[in-house]
Colleague: 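First the structure, then my questions, so here it is.
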Protein chains: 2
Amino acid sequence: MDALLQQLSANGYKITPQRRLILEMLRENRHASAEDICAMLKQKEPNISLGTVYRNLALLMRLRIVTAVDFRDGRARYELNDSHHHHLVCMRCGKLVEFPGCDLKNVLGDAAEKVNFRVIDHSLEVFGYCGKCCGCSP
Amino acid sequence: MDALLQQLSANGYKITPQRRLILEMLRENRHASAEDICAMLKQKEPNISLGTVYRNLALLMRLRIVTAVDFRDGRARYELNDSHHHHLVCMRCGKLVEFPGCDLKNVLGDAAEKVNFRVIDHSLEVFGYCGKCCGCSP
DNA sequence: ATTGATGCAAAGGGTTTGCAGAGTC
DNA sequence: GACTCTGCAAACCCTTTGCATCAAT
């Protein structure tokens, strides 16, 4: 059985077709919104509801299987918590570039220790203008 | 006249008591929500409306005088764009710690150049547990 | 006098929730 | 069979917007 599904059932949660599909699609699509996810899943599960998607995303976040990202456009995006990376977001056209790797973890851990804080997670989003949108006038 | 107010009028915007007050209070309070701001200003300007606060925050963000911060609690917080710093947020009690300084700017600029991206801004929030909330059970 | 800003209240949009029925274990 | 999960729809909350009025320049 899939490792992530196993994690669900190990925590006492049931494995439903909806959960299966949500994880499946998160593996293929990064930074999809809840509505994106729901729309895409309707192909395979026509009656799936947005409420279910939100409830399961919340569950997956509690289990740290999924992370939410904020691109400052009013809707959250969701990603599997597998590869640590960050995002460049174009402030004009919304274009997105990922950049992988991140050596912040250690830096942050050290800085946080000084103020008696245990770091679990961090989010870094970089905003600017992509090549096409030069960014000459705000 | 105040430098920030001057920036408003230089850009063709009028200097109103509401704007004066919003800037005044942003100088004293960091990471206040729109509602916080509105509530506090009602002491001096009893009829000020939430709509006005939002409209002016949007304006101030367009002028890059103000920045919005996302603490993952569903409401935006606003800060003057004066000193660059980041936040530690306790995932249990919501406690907030600022940590100043940030050498990301150069790092990001370099990384971004490689993908032909002009960096304007970035946001980094760190989530975890503060001393009191140990963080033993999620 | 002109033009932009405010207050009010209603609309908007993403997210959450209550409930009855269906599905998993 | 017990208990959770789902779908539906309504409720929620933050934020935005339209409009008539008011104020800054």
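Computed from a predicted structure; not experimentally measured. Proteins get letters first, then strands, A, B, ... in listed order; numbering begins at 1 in each.
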Colleague: I want to verify a distance call: between C/dG7, C/dT15, D/dT16, whose nearest atom is closest to the A/R75 side chain?
Modeller: C/dT15
Colleague: Pick base, sugar-phosphate or nothing for A/I48, based on heavy-atom distances below 4.0 Å to the nucleic acid.
Modeller: sugar-phosphate
Colleague: I'd like to know if B/E98 and B/R30 make a salt bridge, using a cut-off of under 4.0 Å between side-chain N and carboxylate O.
Modeller: yes
Colleague: Among the nucleotides C/dC8, D/dG7, D/dC5, which one has an atom lying closest to any side-chain atom of A/Y13?
Modeller: D/dC5
Colleague: Could you please name the option among D/dT6, D/dC14, C/dG7 that lies closest to any side-chain atom of A/N56?
Modeller: D/dT6
Colleague: When you measure from the side-chain N and O atoms of B/S49 to the phosphate of C/dT6, is any distance below 4.0 Å, counting only OP1 and OP2?
Modeller: no
Colleague: If the plane angle is over 60° it's perpendicular, under 30° parallel, otherwise tilted; pick one for A/H31 and A/F71.
Modeller: tilted
Colleague: Return the nearest nucleotide to the side chain of A/Y54; candidates are D/dG7, C/dG14, C/dT24.
Modeller: C/dG14
Colleague: Between A/N56 and A/R19, do the side chains contain a donor N or O and an acceptor N or O under 3.5 Å apart?
Modeller: yes
Colleague: Can you measure A/L8 atom CG to C/dC25 atom P for me and round it to whole angstrom units?
Modeller: 10 Å
Colleague: Please check the phosphate of C/dG7 (OP1 and OP2 only) for any side-chain N or O of B/T52 closer than 4.0 Å.
Modeller: yes
Colleague: Would you say the base of D/dG18 and the side-chain of B/R55 have a donor-acceptor pair closer than 3.5 Å?
Modeller: yes
Colleague: Tell me whether the side-chain N/O atoms of B/T16 come closer than 4.0 Å to OP1 or OP2 in C/dT6.
Modeller: yes
Colleague: Counting heavy atoms from C-beta on, name the nucleotide in C/dC8, C/dT17, D/dT15 closest to the side chain of B/A76.
Modeller: D/dT15
Colleague: In whole Å, what is the span from the CD atom of A/E35 to the P atom of C/dG12?
Modeller: 16 Å
Colleague: Return the value, rounded to whole Å, for the distance between atom CG of B/L59 and atom P of D/dT16.
Modeller: 13 Å
Colleague: Would you indicate which nucleotide in D/dT25, D/dT6, C/dT6 comes nearest to any side-chain atom of B/I15?
Modeller: D/dT25
Colleague: When all nucleic acid strands are considered with a 4.0 Å heavy-atom cut-off, which category describes A/G74: base, sugar-phosphate, or nothing?
Modeller: sugar-phosphate
Colleague: Can you identify which nucleotide, out of D/dG7, C/dA5, D/dT6, has its nearest atom closest to the B/R19 side chain?
Modeller: C/dA5
Colleague: Within this structure, what is the CG-to-C1' distance between B/D73 and D/dT15, rounded to whole angstrom?
Modeller: 15 Å
Colleague: Just compare C/dT17, D/dT15, D/dC3 and give me whichever is closest to any side-chain atom of A/K14.
Modeller: D/dC3
Colleague: Under 4.0 Å between a side-chain nitrogen and a carboxylate oxygen: does that hold for A/R27 and A/D2?
Modeller: yes
Colleague: To the nearest angstrom, how far is A/R20 atom CZ from D/dT4 atom P?
Modeller: 20 Å
Colleague: Report the distance from atom CG of B/L50 to atom P of D/dC13, rounded to the nearest whole Å.
Modeller: 14 Å
Colleague: Under 4.0 Å from OP1 or OP2 of D/dG7: is there any side-chain N or O of A/Q18 that close?
Modeller: yes
Colleague: Over how many whole Å does the gap from A/N11 atom CG to C/dC25 atom C1' extend?
Modeller: 16 Å
Colleague: Are more than 12 heavy atoms, taken from residues, nucleotides or ligands other than A/M40, located less than 6.0 Å from that residue's CE atom?
Modeller: no
Colleague: Got a salt bridge between A/D121 and A/K105, using NZ or NE/NH1/NH2 to carboxylate O under 4.0 Å?
Modeller: no
Colleague: Rounded to the Å, how far apart are B/N47 CG and D/dA23 C1'?
Modeller: 14 Å
